[in-house]
Amino acid sequence: FRAGPGADTREDAGKQVVVILVGPPGSGKSTFAEAVMAAAAGRPWARVCQDTIGKGKAGTKIQCLKAAADALKEGKSVFIDRCNLEREQRSDFVKLGCTVQADVHAVFLDLPAKVCISRSVSRTSHEGNVQGGMAAMVVNRMLKNKQAPLLTEGFSRITFCTDDDDIKKAVDMYSALGPSHSLASGVFGQKSKGPVQTGIMKFLKKADTSSVNKSSGTMVTSSERKTGQQNTTLKQENLEAGGACSMQVEKKLDNLKEKEEQSKERVSSDTSLCTLAFPSISTADFQFDLEKASEVIVDAATDFVQKHDNVRLVLVDLSQKSRILSLVKDKAAKKSFDSSRFFTFVGDITQLHSKGGLQCNVIANAANCVSCRRLKPGGGGVNAAIFNAAGEALQHATKECADTLRPGNSVAVPVPSTSPLHQQEGVTHVIHVLGPNMNPMRPDCLKNDYTKGCKVLHEAYNSLFENFATIAQSYTGKQNDETSSRKSASGVISPNDSKTKREGSDDSERTKKCKLLPSILTSSQHHERRGTNTLSYHDNSMGSSDAPNQAREEDNKKNAAVTNKTWGSWAQSLYEVAMHPEKYKNADSILEISDEFVVLKDLYPKAKRHVLVISRTDGLDSLADVKKAHLPLLRSLHSAGLKWAHKFLEEDASLKFRLGYHSVPSMRQLHLHVISQDFNSPSLKNKKHWNSFTSAFFLDSVDVMDEVDQHGSATINPDEKLLAMELRCHRCRSAHPNIPKLKSHIAACKSPFPSHLLKKDKLLSASTMRAGCS
């Protein structure tokens with residue numbers, strides 16, 4: 001068949017497709033889906049429409065997700081027929097598609113507002129009843145919150161349609177998509193933001209095909225290793241069909257001033273995720289075995305994205321025929337993780353935004369100066385390309401941070417704002433990383449010792465990713481601080497500001513907690529910049545339980561997995577307070593210091609009263625490290641928690657308290673939460689916050705002490721799915737759609753607490769404390 005813009009006639013892909021239609025009422029989403037399904041070339045499609053999901057009536061997003069999942073299980077591709085104008089509304093459908101390894105596309109029907117309003121007002125018998133006089137108001141309200149889809153949300157392909165001709169081409173393209181075909185990745189049809197003269201296309205020369213291919217930023221699949229003739233033909237077909245022509249128009253029409261403005265805009269756009277683009281380490285000049293390298297990459301990357309939120313990893317290579325990209329993609333497909341947060345990309349790592357539409361805040365440089373271990377330009381490959389693209393500014397910044405680097409280590413270097421890489425691509429940091437050498441023609445060759453080589457390579461990736469995690473935390477915190485500053489200046493909170501703050505709140509609070517120890521963290525970060533690995537803290541002394549039953553053995557395995565957690569530098573604040581409380585004894589946040597513990601106000605409390613009782617025992621990072629020998633310490637922490645709960649109840653007898661531990665804490669050093677059950681705090685902002693204190697993820701202190709006493713360790717539940725559960729009242733268990741509505745309900749809920757909290761004094765109140773004293 002003859003494909004439309006950006007189509008790819010590969011016959012060995014055959015993946016299902018989730019097409020998320022984006023557009024306001026009247027943009028033609030339902031018409032689009034029905035037209036494709038009516039003319040489909042053998043590919044089975046299902047249309048999931050929220051206007052009719054409830055037995056012909058309007059339903060819910062959850063119903064749509066279930067229907068889409070059922071259709072995908074049946075082998076169908078799916079159209080998500082909802083407005084989907086905000087990233088938050090699209091995110092769950094993107095995750096669903098990535099979970100089943102489907103290609104996730106966005107088709108943005110970005111028609112003029114007046115066209116959508118006119119259609120909506122004049123239509124009758126609309127499925128969702130958005131018609132007549134009120135339709136104009138609905139369309140206008142939705143368009144105020146419009147957020148164009150981005151590749152960083154997890155889409156492999158985005159198609160922009162701004163008029164009926166664009167829509168017809170897109171319909172024809174998806175209609176011709178057979179069951180064994182797939183479409184090329186990238187952004188297609190996005191028009192210049194500046195005015196374009198009508199009919200200007202006929203005065204321009206035909207665009208260069210190589211530029212068109214680069215601009216698409218194609219994502220790699222295992223079937224893309226085609227002959228040069230096929231690739232050339234495909235690029236010519238894309239060009240003739242109009243794919244990416246608008247980008248060529250933009251280049252020919254924009255003057256220097258417009259380019260500078262667009263460059264500045266690119267730097268500040270696409271801030272929803274912090275993204276690291278990195279090349280394969282040691283597989284070029286250092287000749288590391290590709291099969292072994294791909295295993296290390298997948299293990300390190302998948303482990304990292306499962307531990308960190310709001311970050312994304314992108315493995316980049318210049319060639320469509322890259323074997324390392326193919327190997328990594330095949331191995332990653334066998335892993336169970338969110339593939340939208342770790343994927344492969346074909347393109348120049350120094351031009352990912354301008355040429356591929358992919359915003360990467362941080363890029364990695366595979367350093368190749370082994371003989372002197374000095375970080376400097378030259379040597380060819382990625383190292384030379386990054387230093388050339390960044391200019392002398394990066395050389396000077398690199399010398400200030402670190403002059404040398406050892407294999408297995410990395411160093412993060414802020415890219416000066418004067419650098420072309422910062423101005424044109426939006427790259428804020430370059431992380432130099434050095435891997436092992438297997439090339440006998442280069443110094444320090446490991447002579448095919450892959451036992452040591454794999455260990456060093458794994459250390460290199462871990463160091464790279466941990467440096468990135470530190471940057472990401474600072475990046476999220478800065479973003480939220482800027483949002484707060486804007487709101488303070490204007491006095492107005494927009495819906496988009498509120499949503500951005502909610503999405504980044506968890507990570508930003510981790511960053512803000514680090515501000516408790518500015519001097520120590522500055523020293524720690526400087527230490528990392530000198531090229532050392534981020535430290536990992538493990539408890540090798542933890543023994544197995546004496547209990548004979550199999551269940552306890554399984555629990556110990558879970559505990560061991562949690563014990564091996566790697567702590568980023570941002571998570572060290574509580575540890576530093578516990579080890580050196582004398583440095584902070586005059587701080588307002590420190591309530592009590594003893595030989596065994598420190599009592600600290602939570603800097604971002606999730607309730608009216610929320611304090612932490614932190615153990616001062618070194619090597620006791622979390623509950624997973626606790627053994628029976630630590631039982632006296634647990635009792636001391638509990639007693640301290642009771643004392644402070646009693647003090648707070650004397651001040652406000654209406655409060656109720658729970659004392660407990662998080663199964664998998666975000667901050668290093670064992671600490672007990674003493675938290676009132678009103679949850680009336682502006683710092684409680686999202687599901688993760690709520691469920692971490694109201695689900696099985698939160699372990700009551702009395703239960704923990706009993707289990708350690710009887711079995712030698714506590715049974716923890718490291719399943720982070722608990723943190724993503726729906727929002728339910730902790731008293732009556734009623735469900736609520738968002739945090740504001742949940743808080744409003746809690747303030748008025750008079751239902752009794754669950755019966756299990758009324759046993760063993762898990763729930764502390766003024767009456768129970770008086771009974772205990774008597």
Side-chain angles (χ1 to χ4, degrees), residues 412 463 466-467 469-471 473-474 477 507-542 562-605 610-627 629-630 632-641 643-644 647 659 661-662 664-675 683 701:
S463 178
E466 286 302 326
N467 260 319
T470 302
I471 295 168
Q473 298 299 333
S474 301
D507 290 331
S508 68
E509 285 173 22
R510 290 175 177 175
T511 303
K512 291 173 185 174
K513 283 182 180 180
C514 292
K515 294 179 181 177
L516 177 69
L517 312 168
S519 60
I520 291 178
L521 288 186
T522 301
S523 173
S524 174
Q525 288 167 353
H526 177 73
H527 184 62
E528 288 179 4
R529 288 190 184 127
R530 300 302 299 177
T532 60
N533 279 330
T534 302
L535 296 177
S536 299
Y537 299 91
H538 307 293
D539 182 5
N540 295 323
S541 64
M542 180 178 176
V562 177
T563 301
N564 290 331
K565 177 173 180 174
T566 299
W567 302 94
S569 60
W570 56 268
Q572 305 288 343
S573 298
L574 299 186
Y575 175 79
E576 296 294 346
V577 171
M579 296 300 108
H580 309 283
E582 66 282 356
K583 295 182 179 181
Y584 312 101
K585 61 183 179 181
N586 295 325
D588 293 338
S589 56
I590 302 291
L591 300 177
E592 181 182 355
I593 299 175
S594 78
D595 292 338
E596 291 184 300
F597 58 79
V598 176
V599 181
L600 171 72
K601 291 180 184 177
D602 194 296
L603 295 186
Y604 290 85
H610 186 185
V611 301
L612 308 177
V613 184
I614 311 168
S615 163
R616 296 192 61 190
T617 302
D618 197 2
L620 208 57
D621 291 350
S622 68
L623 205 56
D625 300 324
V626 170
K627 300 181 296 182
H630 298 120
L633 173 64
L634 295 181
R635 289 171 176 160
S636 294
L637 301 184
H638 185 81
S639 295
K643 182 180 79 172
W644 281 97
K647 179 177 176 62
L659 279 61
Y661 302 86
H662 282 151
V664 184
S666 58
M667 307 291 286
R668 180 190 177 198
Q669 196 61 17
L670 180 71
H671 55 279
L672 172 74
H673 290 268
V674 180
I675 184 167
S683 296
S701 177

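All heavy atoms count here, side chains included; hydrogens, waters and symmetry mates do not.
Once rounded to the nearest 0.5 Å, the distance linking CD of Glu592 with CD1 of Ile614 reads 12.0 Å. The structure places CD of Gln669 at 10.0 Å from OG of Ser622, a figure rounded to the nearest 0.5 Å. With rounding to the nearest 0.5 angstrom, the CG atom of Leu574 is 10.0 Å from the CD atom of Glu576. Atom NE2 of His630 and atom CG of Leu620 lie 4.5 Å apart (nearest 0.5 Å). Atoms CG and OG, from Leu672 and Ser636 in turn, are 11.5 Å apart once rounded to the nearest 0.5 Å. To the nearest 0.5 Å, atom CD of residue Gln572 and atom CE of residue Met667 are 8.5 Å apart.
Val577 is listed as a side-chain neighbour of Ile590, based on a closest heavy-atom distance under 4.5 Å. The shortest side-chain heavy-atom distance between Tyr575 and Asp618 falls under the 4.5 Å cut-off. Proximity of Leu612 to His673: side-chain heavy atoms (C-beta onward) are separated by under 4.5 Å at one or more points. Contact annotation: the side chain of Tyr661 never approaches that of Val626 to less than 4.5 Å [non-hydrogen atoms, C-beta and beyond]. Put simply, the side chain of Leu670 reaches to within 4.5 Å of the side chain of Leu637, judged on heavy atoms.
In plain terms, the two heavy atoms of Val598 and Pro581 that are nearest each other are CG2-CB, 3.9 Å. Listed here is the closest heavy atom pair of Leu603 and Ser589: CD2-CB, 4.1 Å. For Val613 against Ala640, the heavy-atom pair with the smallest separation is CG1-CB, 4.0 Å.
Between the side chain of Arg616 and the backbone N or O of Ser594 there is at least one donor-acceptor pair closer than 3.5 Å.
Paired with Val611 under the rule side-chain contact (heavy atoms from CB on, under 4.5 Å), one option of Ile675, Asp602, Val674 passes, and it is Val674.
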